[in-house]
Amino acid sequence: MEAKFISQDDTTLWLDELAERHVVLAPMWDNTVVTFRPHVKGRTPVLDRMPVLPPKEGVFPQNEVLLKYKHDKDPENLDRTRVQVKETLPQETAVVVGARPCGTRGMLVFDRVYNCEKIRDPYYVSRRENTLFVTVACTRIESTCFCHDVGSHPADTEGSDVLLVPVKGGYVAEAVTARGEELLKASFFKSAAEKAQEAEGVKQANRAKLPEPHDYVGCGEKLMARFDDMEFWTEQSAKCISCGACTYLCPTCYCFNITDDSVGLSGKRLRTWDNCMSFQFTLEGSGHNPRPTKAHRLRNRVNHKFAYYPELHGVIACCGCGRCIKSCPASVDIRAIVKAAQNHTPKQEEGSDER
Ligand code: SF4
Ligand code: SF4
């Protein structure tokens with residue numbers, strides 16, 4: 001597919017035009033952070049840094065209404081109640097602009113759970129099919145980035161419809177899918193013939209900024225070998241304050257809770273992001289909690305990404321974005337935990353040379 005060039009100024013005009021037909025989510029400053037917000041006409045998106053919230057918001061919103069309901073009492077027989085239920089399947093089309101390749105790739109972790117042979121979540125599938133991702137190649141490699149450790153790189157196109165590569169004066173736009181190619185038919189896109197080499201140089205330069213990748217092969221077995229070692233998990237979770245920032249900001253965390261918000265005889269059923277680092281997440285009605293301490297909860301979070309999900313789906317459920325490390329108020333580092341498990345030698349083996 002032929003690459004195109006779009007200037008910086010035309011990028012805002014392009015989003016203005018897109019917003020007339022679609023919901024456009026683009027990174028904006030919100031006080032001190034950059035996060036996804038609906039595009040406002042004429043407002044320049046912030047495309048030179050990674051938004052603090054992941055792009056999953058476009059397909060799996062923080063809050064969404066699943067259905068609305070209404071109870072009607074039969075005035076002739078007050079023991080009889082009729083319930084009317086109205087499903088609210090999302091219909092709108094959306095374009096998520098400005099995510100980094102790691103965040104967009106995170107959507108593939110969702111796909112294997114919510115759109116697979118066993119489960120087809122209609123709300124997720126409807127949004128997924130109606131949402132396009134225009135991703136920006138990374139040019140700011142941070143100390144918390146490790147996409148290359150988990151099989152990706154700063155210009156990865158997996159999960160994207162279009163990849164924008166920053167070059168002088170604008171972006172070289174590469175269509176990844178047929179739907180992405182359609183987007184690039186807009187009049188703002190010109191020939192990229194003179195910019196193609198520069199774009200290639202940008203991609204290679206940023207890949208070269210990352211250190212040698214760490215090898216996570218076999219980490220699932222190593223983590224499971226430490227499953228019952230609560231001394232290890234207590235030590236790893238000592239600094240954690242159970243705030244949940246790591247899960248809320250993670251592009252691959254897909255757990256949700258369902259609540260009813262009702263007034264009088266009518267209401268709505270809501271789906272909301274949930275957080276496995278909270279005590280309430282597994283608290284049962286009886287009062288029993290199978291994950292009673294933060295050590296149990298951190299073990300579950302790390303193992304889910306690097307052991308359980310890979311066993312079920314064959315890939316690590318972490319895209320290496322580093323959000324959980326960067327935003328953790330206690331500096332808990334998921335990379336360090338997995339490496340600690342990988343480097344661990346069971347006690348029996350430690351003394352085996354002496355016997
Ligand atoms: S962000 Fe850090 S402190 Fe907060 S729950 Fe996650 S690991 Fe714990
Ligand atoms: S676990 Fe951390 S590094 Fe991995 S995808 Fe989630 S937020 Fe990013």
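The analysis underlying the following values was restricted to heavy atoms, covering all of them including side chains, and did not include hydrogens, waters or symmetry mates. When a ligand or atom number is given, it counts from 1 through the structure's own listing order. All of these numbers come straight from a predicted model, not from anything done at the bench.
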Could you tell me whether the side chains of [X] and [Y] share a donor-acceptor contact shorter than 3.5 Å?
X	Y	answer
Asn289	Thr282	yes
Tyr171	Gln8	yes
Asn303	Tyr309	no
Thr252	Lys305	yes

Flag this pair as yes if the NZ/CZ of Arg299 is under 6.0 angstrom from the six-membered ring centre of Phe227 and inside a 45 degree cone about the axis; otherwise no.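 Because its charged atom sits under 6.0 Å from the ring centre and within 45° of the axis, Arg299 does stack over Phe227.
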Establish, yes or no, whether the cationic atom of Lys195 lies under 6.0 Å from the six-membered ring centre of Phe5 and within 45° of the ring axis.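 Geometry flag: set, cation within 6.0 Å and 45°.
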Any Lys/Arg nitrogen of [X] or [Y] sitting under 4.0 Å from an Asp/Glu carboxylate oxygen of the other?
X	Y	answer
Lys268	Asp260	no
Arg21	Glu17	yes
Arg82	Asp72	yes

Taking atom 8 (Fe) of ligand 2 as the centre, count the protein N/O/S atoms lying under 2.8 Å from it.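 The number of such protein atoms is 1.
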What atoms in ligand 2 come closer than 4.0 Å to a heavy atom of Arg301?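 Atoms satisfying the 4.0 Å criterion: 1 (S), 6 (Fe).
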Residue Phe146 vicinity, atoms of ligand 2 by number, heavy atom under 4.0 Å: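 So the answer, numbered in order with elements, is 3 (S).
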Is Arg335 close enough to touch ligand 2? Criterion: a residue heavy atom under 4.0 Å from a ligand atom.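 The answer is no: ligand 2 sits nowhere under 4.0 Å from a heavy atom of Arg335.
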What protein N, O or S atoms come within a distance below 2.8 Å of atom 8 (Fe) of ligand 1, ordered by chain and number?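 Less than 2.8 Å away from atom 8 (Fe) of ligand 1 sit Cys240 SG.
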If Ile, Leu, Val, Met, Phe, Trp and Tyr residues are connected whenever their side-chain heavy atoms lie under 4.5 Å apart, and connections chain through other members, are Leu249 and Ile316 in the same group?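 Different clusters: Leu249 never reaches Ile316 through Ile, Leu, Val, Met, Phe, Trp or Tyr contacts under 4.5 Å.
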Just checking His148 against Phe146, ring centres under 6.0 Å apart?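 Aromatic pair excluded; centres sit 6.0 Å or further apart.
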